Protein chains: 2
Amino acid sequence: MKWDDIQEMPCSVARALSIVGDRWTLLILRDSFMGTKRFDKFQKQIGLSRHRLTDRLNKLVKYEILRKVPYQEKPRRHEYRLTRKGVELYPVLMTLAKWGDNWMAGENGPPIEYFHTACNHQMSMNLSCSECGEVINPKEVIPKVGPGLKAYSESVRSK
Amino acid sequence: MKWDDIQEMPCSVARALSIVGDRWTLLILRDSFMGTKRFDKFQKQIGLSRHRLTDRLNKLVKYEILRKVPYQEKPRRHEYRLTRKGVELYPVLMTLAKWGDNWMAGENGPPIEYFHTACNHQMSMNLSCSECGEVINPKEVIPKVGPGLKAYSESVRSK
DNA sequence: CACTTAAGTTCCATTTTAGGACTCACTAAA
DNA sequence: TTTAGTGAGTCCTAAAATGGAACTTAAGTG
């Protein structure tokens with residue numbers, strides 16, 4: 001199976017990873033969320049080759065996760081900003097960060113801490129139910145076949 | 001920068017990705033959460049080469065995200081089960097899935113839907129604040145230098 | 001004019017990956 | 001008692017992805 005094929009899988013995790021699941025893309029997005037917008041800054045902060053960075057940024061623009069916004073003419077220069085679609089990857093980054101904090105931080109503790117201005121507390125983030133608001137326990141969540149998978153199975157069967 | 005070097009970065013996202021941020025690992029874990037435990041089953045469901053799978057499973061065992069549990073002797077066979085550390089990757093998978101549902105599902109809708117037995121509703125998952133319980137708005141979260149980053153800067157400066 | 005900056009490109013050597021064939025230890029079927 | 005099958009790998013080679021350094025373009029600076 002080639003990497004590009006996983007985009008076809010009837011699985012939202014696979015489809016998301018087909019865009020964001022390579023070596024560097026999530027690190028680029030981490031920097032985007034921290035305010036980085038320009039090519040050289042990404043390159044220095046992340047330390048990947050310029051070649052790769054060009055590639056990844058173009059892919060993110062193609063999939064409308066970042067967009068190029070000109071910030072000067074003569075010479076024409078532009079910066080990369082998160083779109084709505086990009087901003088919605090925030091939970092992915094934050095859950096990764098939390099797991100890293102919990103399991104990979106080492107003796108010095110987490111590198112970054114988070115402060116919630118809405119309630120004035122240092123905090124961490126949990127998953128909660130959109131309906132009842134309670135914190136999620138994985139055992140209380142049951143995955144069921146949804147319309148996308150049903151349609152897929154039918155289309156496979158009819159071949 | 002080599003891939004292995006990102007583990008040294010003072011960033012929890014980078015450290016988490018150094019383990020789960022390659023082409024296949026999160027797909028393996030997705031299957032683990034869906035109940036898959038055996039080599040061949042992973043291989044068939046994901047469609048990666050056996051060679052890669054061996055590699056990835058060993059890495060996950062090494063980092064104590066999965067553990068090998070024997071289920072028969074003669075010949076000795078074992079299955080791969082999530083550890084506590086592994087189970088705590090649940091939010092990462094679910095936030096990826098939600099993003100995929102929202103942005104990559106296509107006209108047929110999401111392949112999987114989720115049902116919360118605690119409240120008896122079909123639901124999706126949000127990030128909420130550990131302190132006040134409110135749903136998180138990224139703009140209301142301020143990252144601050146934590147102890148891990150402070151220790152790191154000091155150790156760099158003293159060189 | 002020589003130097004610098006931002007944002008890429010080009011080239012080449014090295015790494016990683018995909019996919020198929022092969023192995024090993026055992027069990028079940030003919 | 002050969003034959004086939006299964007689970008879990010290992011080995012090999014060609015193809016793809018990557019890292020690093022040097023080069024390019026279009027300005028602006030001293």
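Model, not experiment: these values are computed from the prediction. The chains referred to below are lettered A, B, ... by the order of the sequence lines, with proteins before strands, and numbering in each begins at 1.
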| query | Distance-only, no hydrogens or angles: does the B/Trp99 side chain make a donor-acceptor pair with backbone N or O of B/Met104 under 3.5 Å? | reply | no

| What are the two closest non-hydrogen atoms of B/Trp3 and B/Leu17, and how far apart are they? | CZ2-O, 3.4 Å

| message | When you measure only distances, ignoring hydrogens and angles, does the side chain of B/Arg77 come within 3.5 Å of the base of D/dA8 through a donor and an acceptor? | response | no

| query | Around atom CD of B/Gln72, are there more than 12 heavy atoms of other residues, nucleotides or ligands at under 6.0 Å? | reply | yes

| field | Presence of B/Arg56 side-chain N/O under 4.0 Å of D/dG9 phosphate oxygens OP1/OP2 | value | no

| To the nearest Å, how far apart are B/Asp22 CG and C/dT17 C1'? | 11 Å

| said: Closest-nucleotide mapping onto DNA chain C: is A/Arg23 or A/Arg76 further toward the 5' terminus? I mean the 5' end. | reply: A/Arg76

| said: Rounded to whole Å, how long is the line connecting atom NZ of A/Lys2 with atom P of C/dT17? | reply: 14 Å

| Under 3.5 Å: donor-acceptor pair, side chain of A/Ser32, backbone of A/Leu82 | no

| field | Sugar-phosphate, base or nothing in reach of B/His51, heavy atoms under 4.0 Å | value | base

| request: Compare the minimum distances between each of C/dA18, D/dA8, D/dA27 and the side chain of B/Ser49, then state the nucleotide with the smallest one. | output: C/dA18

| request: Can you tell me the distance, in whole Å, between the CD atom of A/Gln43 and the P atom of C/dA7? | output: 12 Å

| request: Consider the side chain of B/Phe39, meaning its heavy atoms from C-beta on, and name the nucleotide among D/dG9, D/dT18, D/dT6 that approaches it most closely. | output: D/dG9

| With a non-hydrogen cut-off below 4.0 angstrom, is B/Phe42 in contact with a base, only sugar-phosphate, or nothing? | nothing

| Derivation and outcome, salt bridge (Lys or Arg N to Asp or Glu O under 4.0 Å), residues A/Lys37 and A/Asp31 | CA-CA 8 Å; A/Lys37 294 188 179 64; A/Asp31 281 14; over 6 Å; no

| task | Could you state the atom-to-atom distance from CG of A/Leu27 to P of D/dT18 in whole Å? | result | 13 Å

| request: Grab the CG-P distance between A/Leu53 and D/dG19 for me, whole Å please. | output: 11 Å

| said: Considering every strand and a 4.0 Å limit on heavy-atom distances, what is the contact class for A/Lys41: base, sugar-phosphate, or nothing? | reply: nothing

| task | Choose from D/dG19, C/dT5, D/dA8 the nucleotide whose nearest atom is closest to any side-chain atom of A/Trp24. | result | D/dG19

| said: Need one value for B/Lys44: base, sugar-phosphate or nothing, where a base atom within 4.0 Å counts as base even if backbone is also close, heavy atoms only. | reply: nothing

| request: Check every atom of D/dG7, C/dA18, D/dG9 against the side chain of B/Arg52 and return the nucleotide holding the closest atom. | output: C/dA18

| To the nearest angstrom, how far is B/Arg50 atom CZ from C/dT17 atom P? | 18 Å

| task | Check the distance between C/dA7's P and A/Ile28's CD1 and give it to me in whole angstrom. | result | 14 Å

| What is the distance, rounded to the nearest whole Å, between atom NZ of A/Lys74 and atom C1' of D/dG28? | 12 Å

| task | Describe the nucleic acid contact of A/Tyr80 in one word from base, sugar-phosphate, nothing, applying a heavy-atom distance below 4.0 Å. | result | sugar-phosphate

| message | Base, sugar-phosphate or nothing for A/Arg38? Non-hydrogen atoms, less than 4.0 Å. | response | sugar-phosphate

| message | Can you confirm whether more than 12 heavy atoms, excluding those of B/Glu73, are under 6.0 Å from its CD atom? | response | yes

| remark: Per nearest nucleotide of DNA chain D, the residue lying toward the 5' end, B/Glu79 or B/Trp3, is B/Glu79

